[in-house]
Amino acid sequence: MTKAIVFDSATQLAVSVAWVVIAVAAAYAAGMALSWLLQRMKRRSAIIHDLDVLTRGALRATLMVLAATTAVHHTKLAEARGWVDHALLIAGMATGTWLAASLVSVAERRAIAHFVGTQMTDADRHRRKLRTQITLVRRLVVAVVVVCGLAAILMTFPAFSNVGKTLFASAGLLSVVAGLAAQTSLGAVFAGIQIAFSDAIRVGDVVVLEDEWGRIEEITLTYVVVHLWDERRLVLPTTYFTKTPFQNWTRNATALLGTVELDVDFSVSLDDMRAELDRLLRSNKLWDNRVGVLQVTDAVNGYVRVRMLVSASDAGALFDLRCDVREGMVQWLQRAQAGALPRRRIEPAAVHTSRPSATPARQAADAQPRADSGLFSGSLDAEQRGRAFSGPNGDATGR
């Protein structure tokens, strides 16, 4: 009799597990069929495409958990229903949180497509600002969803439920929240929110910081990624941009001015140099026709320093334009103004090989020893004036 009971229990357990497996497999097949249907329909609607791409895994996992929960509820696993139901509840909360976060990502992509678009340039300051704000809001909402999901999972445990109720009911909750807000991590989160809505930087802005030139590639709630000109990535905390001064070249406008400096000889023809600069700028597509000026800023140490001020539509075009102008001017100097290339001049001092003949009186005075050389020494007349002034005894009174 006992063996029959054990056999019946094992049979019921096997049948129940088989039904659960069948239900999970059917749910997975339903998820695949739904994905196939969305793929067939996504050509007609962009939102269906985003739903298919961003929610595929979360949707299949949620369907499988729901199918497993339904199958377990219709089985006779009385002895194991307690912990099985609890595990399925936690799994359902986890997959639901995943699905909710995926739907937030779908909303973010649709908002970017509607308000920002797919193609952006440096001049699209407003659209880059909107994209930055939408991205940070999505990250914040996902963080809130994940925290709520974890809190809901913890509340399923009696011990954590009592702790949570005690904390929320106690008067010390505000002090706990204030203490957590003072921490560095939450300070970085608040700095990220401030950056998103203060318009200090946006995704795509050209900045100069830490002696590096780059473009803002990603802004999160805790850090900012800067794509440097040499393909490196500089990762900085968001608090850096609220505490440290930095240069933003594209905050209000993308057009910039740049200089090209050359040291040339004094013999250079400045009028011809201005004409060549004008020719170089007009033949270069990077010039935006705003500024093209040549000025002499210094003329010392045997050189003339010439500064050429040019303008371009953005930072990248300005850098290339400066390089083109510098190269063109160097080639022009080599070709048309070879004498104006920088050179160092050395003027030797004149060397006197002979001295004019001295008078006999001067020769006699030079031959005598100058024991009384003093204030008025240096010539024969000066020596005589000194003797007359000081007297025969050499004192100033003549006594």
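Both backbone and side-chain heavy atoms feed into the values below; hydrogens, waters and symmetry mates do not. Positions are given from 1, in the same order as the sequence printed here. What you are looking at is a predicted structure, and each value in this text was computed from that prediction instead of being measured.
The two residues Leu286 and Asp324 have their closest heavy-atom pair at CD1-OD2, 3.9 Å. Contact record, Ser311 with Trp287: O-CD1, 3.1 Å, taken as the closest heavy-atom pair.
Between the CH2 atom of Trp213 and the CH2 atom of Trp249 there is a distance of 7.0 Å, given to the nearest 0.5 Å. A distance of 6.0 Å separates CG of Leu256 from CG of Leu318, quoted to the nearest 0.5 Å. Between atom CG of residue Leu99 and atom CG of residue Leu54 there is a gap of 11.5 Å, rounded to the nearest 0.5 Å. Between the OG1 atom in Thr220 and the CG atom in Leu140 there is a gap of 12.0 Å [rounded to 0.5 Å]. To the nearest 0.5 Å, the span separating CD1 on Ile153 from CD1 on Ile90 amounts to 6.5 Å. For the atom pair Leu280 CG and Arg326 CZ, the distance stands at 12.5 Å (nearest 0.5 Å).
For the pair Val207/Val226, a side-chain contact is recorded, criterion being any heavy-atom separation below 4.5 Å from C-beta on. The closest side-chain heavy-atom distance from Leu294 to Met273 is below 4.5 Å.
Within 6.0 Å of OH in Tyr240 there are more than 12 heavy atoms belonging to other residues, nucleotides or ligands.
Other members of the cluster containing Leu257 are Val291, Val293, Leu309, with ILVMFWY side chains joined at under 4.5 Å, either directly or via other members. In this structure, Val225 shares a hydrophobic cluster with Tyr223, Val235, the cluster being traced through Ile, Leu, Val, Met, Phe, Trp and Tyr side chains under 4.5 angstrom apart.
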Trace of the side chain to side chain contact (heavy atoms under 4.5 Å, CB included) decision for Leu281 with Val310
CA-CA 8 Å; Leu281 291 178; Val310 297; 3.7 Å; yes
Walk me through whether Leu270 and Val268 qualify under side chain to side chain contact (heavy atoms under 4.5 Å, CB included).
CA-CA 6 Å; Leu270 296 176; Val268 68; 3.9 Å; yes
Please evaluate residues Leu209 and Thr244 with respect to the criterion side chain to side chain contact (heavy atoms under 4.5 Å, CB included), reporting the C-alpha separation (whole Å), side-chain torsions for both, the decisive distance (0.1 Å), and the verdict.
CA-CA 9 Å; Leu209 39 81; Thr244 308; over 6 Å; no
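Without hydrogens or angle criteria, Arg215 side chain to Gly204 main chain gives a donor-acceptor distance under 3.5 Å. Looking at Arg202, its side chain does come within 3.5 Å of a backbone N or O of Thr250 through a donor-acceptor pair. In this structure a side-chain-to-backbone donor-acceptor pair under 3.5 Å is missing from Asn248 to Asp205. The backbone N or O of Val306 sits nowhere less than 3.5 Å from a side-chain atom of Thr297 that would complete a donor-acceptor pair. Distance alone, capped at 3.5 Å, is enough to place a donor-acceptor pair between the Arg233 side chain and the Glu231 backbone. Put simply, the side chain of Asp314 gets close to the backbone of Ala317: a donor and an acceptor are under 3.5 Å apart. Between the side chain of Arg131 and the backbone N or O of Val203, no donor-acceptor pair lies under 3.5 Å.
Of the charged side-chain nitrogens involved, at least one lies within less than 4.0 Å of a carboxylate oxygen, so that Asp50 and Arg110 count as a salt-bridged pair.
If you check the side chains of Asp271 and Ser269, you find no donor sitting under 3.5 Å from an acceptor. Judged by distance alone, the side chains of Trp332 and Gln334 never bring a donor and an acceptor atom under 3.5 Å apart.
For Glu212, the side chain to side chain donor-acceptor pair (under 3.5 Å) test picks out Arg232, with sequence neighbours left out. Applying the side chain to side chain donor-acceptor pair (under 3.5 Å) criterion to Asp298, with sequence neighbours excluded, gives no partner residue. Under the side chain to side chain donor-acceptor pair (under 3.5 Å) criterion, Glu276 pairs with Arg279, not counting sequence neighbours. For Arg139, the salt bridge (Lys or Arg N to Asp or Glu O under 4.0 Å) partners are Glu218, not counting sequence neighbours. The side chain to side chain donor-acceptor pair (under 3.5 Å) test applied to Tyr303 returns no partner, not counting sequence neighbours. With sequence neighbours left out, the salt bridge (Lys or Arg N to Asp or Glu O under 4.0 Å) criterion links Arg282 to Asp278. Every residue meeting the ring-ring contact (aromatic ring centres under 6.0 Å, His included) condition with Phe246, not counting sequence neighbours, appears here in chain and number order: Phe241.
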Report, one line per pair, each donor and acceptor closer than 3.5 Å where one atom sits in a side chain of residues 142-150; sequence neighbours left out.
none

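Judged as a salt bridge (Lys or Arg N to Asp or Glu O under 4.0 Å), the pairs with a partner in residues 284-297 (not counting sequence neighbours) are, in order, Asp288-Arg290. Listed by first and then second residue, the salt bridge (Lys or Arg N to Asp or Glu O under 4.0 Å) pairs that reach into residues 88-99 come to none, sequence neighbours excluded.
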